[in-house]
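Start at 1 and go down the list; that is how both ligands and their atoms are numbered. Heavy-atom basis, side chains included; hydrogens, waters and symmetry copies ignored.
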Amino acid sequence: MKRRGRPTTYSAGGLVSRGLTHREWPPAWRRHDLQATYDVVVIGAGVHGLATAYYLAANHGIRKVAVVDKGYVGGGGSGRNTAIVRSNYLTPEGVRFYDRSVKLYERLAADLNFNVMFSQRGHLTLAHNDGSLRTMRWRAEVNKLEGVDSQVISPDEIAELVPFMDVSADTRYPILGALYHPPGGTIRHDAVNWGYARAADALGVEIHQNTEVVGIDVEDGRVQGVRTTRGHVSAPVVVNCTAGWASLVSELAGVRLPISTHPLQAAVTEPVKVFLDTVVVSGTLHVYVSQTDRGELVFGASTDPYPSYSMRGSLEFTEELAGHVLELMPSIAKLRVLRQWAGLCDMTPDFSPIMGVTPVAGFLLDVGWGTYGFKAGPVAGEAMAELVATGRTPEIIAAFDLARFQDGRLVGEKGAAAVGH
Ligand code: PYC
């Protein structure tokens with residue numbers, strides 16, 4: 001099998017002809033037979049699993065790592081989000097954590113030698129009532145204390161950033177102000193998945209797609225390995241980096257999680273000339289929107305109100321979304337929706353993730369991401385890799401442990417959700 005080393009360089013003509021036909025393109029990652037033993041098995045080949053594997057190899061020299069996934073690289077939540085990156089959270093623990101992720105995203109293209117198209121275009125969360133404005137001020141103060149650039153701005157300042165937005169007082173939902181977060185923005189989510197996969201592969205990590213975990217072996221309170229649809233694998237460490245199926249996978253090891261899983265739907269429109277230069281969120285109107293480099297508008301809304309594992313779009317969602325969007329941006333009424341999709345969100349009671357050790361020695365969790373998972377990929381991977389390598393829980397994830405639900409140490413992040421859920 002051809003090993004992917006440094007990216008091949010082509011002349012301009014060669015690039016065009018090979019680019020058009022895909023001839024002689026080396027695969028970005030290899031296929032492997034499943035081995036009997038690994039040092040670490042990571043379940044889930046999304047951004048969290050791939051980042052964990054990459055940092056295990058890159059930062060700690062742990063390369064005998066298998067990333068297994070029942071589907072394909074980035075086929076779950078990592079490819080089904082609206083690609084928003086930000087760190088304007090509500091709790092100090094959350095702000096510090098997501099800020100580290102933004103910092104890692106800022107250098108990711110260079111670290112992975114892969115263009116991940118991070119566009120720090122600024123992120124605006126609109127406040128349409130006094131309660132929201134109060135929460136925006138609270139978040140701005142916590143952000144500033146943690147060194148994160150966020151401030152509450154006035155309707156006139158919003159109009160400068162988003163000229164088409166009606167900030168007058170006589171709209172149905174007047175805009176009273178916004179939390180403005182300049183480092184926030186969007187990133188190409190597929191590129192992040194592929195970049196991590198390629199870089200992990202180059203360091204010796206094995207990525208096993210179409211390899212479903214159907215059992216997790218535990219003996220005397222310690223994980224022994226996993227049973228997959230392609231055979232049994234022994235490993236002293238198994239990391240659950242799944243989204244959507246986090247509670248089902250954990251139950252295979254006998255670990256119960258306080259998670260309920262809800263679909264979150266999103267949609268894109270046909271492309272139009274670029275007119276929206278920031279990410280705009282309205283919690284009251286339950287909608288967030290950004291414009292891609294291709295000109296499409298990407299919209300998301302609240303999670304569906306019922307638990308489900310469905311990843312199909314629904315007409316009810318599109319109708320409701322359109323209603324909310326037009327309250328905010330009546331001028332785009334004629335724009336057509338091109339496609340819609342859903343991702344699965346594992347919601348925890350406090351809207352913070354569950355990370356770290358479990359009662360089963362060697363079985364680790366990086367789950368419970370709710371609607372915040374994609375943006376946390378790099379920091380989660382970095383921290384989980386450190387936990388595996390050192391056996392110590394890094395400070396940056398200490399507050400997110402599973403035991404907090406027993407001990408009553410919740411880290412309430414619902415106030416930082418893009419929209420009400
Ligand atoms: O938290 O920024 C966010 C977000 C956007 C879409 C879902 N969550």
Heteroatom proximity flag, [X] to ligand 1, N/O under 3.5 Å:
X	value
Tyr288	no
His123	no
Lys375	yes

> Are side-chain heavy atoms of Val272 and Gln291 found at a separation under 4.5 Å?
Replying inline: yes

> Hey, does Trp29 have a side-chain heavy atom less than 4.5 Å from the side chain of Tyr196?
Replying inline: no

Donor-acceptor contact present, side-chain [X] to main-chain [Y], <3.5 Å:
X	Y	result
Asn143	Tyr89	yes
His262	Met347	no
Thr269	Leu297	yes

> Does a salt bridge link Asp130 with Arg134, judged by any charged N lying under 4.0 Å from a carboxylate O?
Replying inline: no

> Nearest protein heavy atom to atom 2 (O) of ligand 1, by residue and atom, and its distance?
Replying inline: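 For atom 2 (O) of ligand 1, the nearest protein heavy atom is Arg86 NE, 2.7 Å.
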
> Which residue and non-hydrogen atom of the protein lie closest to atom 8 (N) of ligand 1, and at what distance in Å?
Replying inline: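 Here the nearest protein heavy atom works out to Thr371 O, 2.8 Å.
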
> Atoms of ligand 1 less than 4.0 Å from Tyr372 heavy atoms?
Replying inline: 1 (O)

> With a cut-off of 4.0 Å, which atoms of ligand 1 are near a heavy atom of Thr82?
Replying inline: 5 (C), 6 (C)

> Using a heavy-atom cut-off of under 4.0 Å, does the side chain or the backbone of Ile84 touch ligand 1, or both, or neither?
Replying inline: side chain

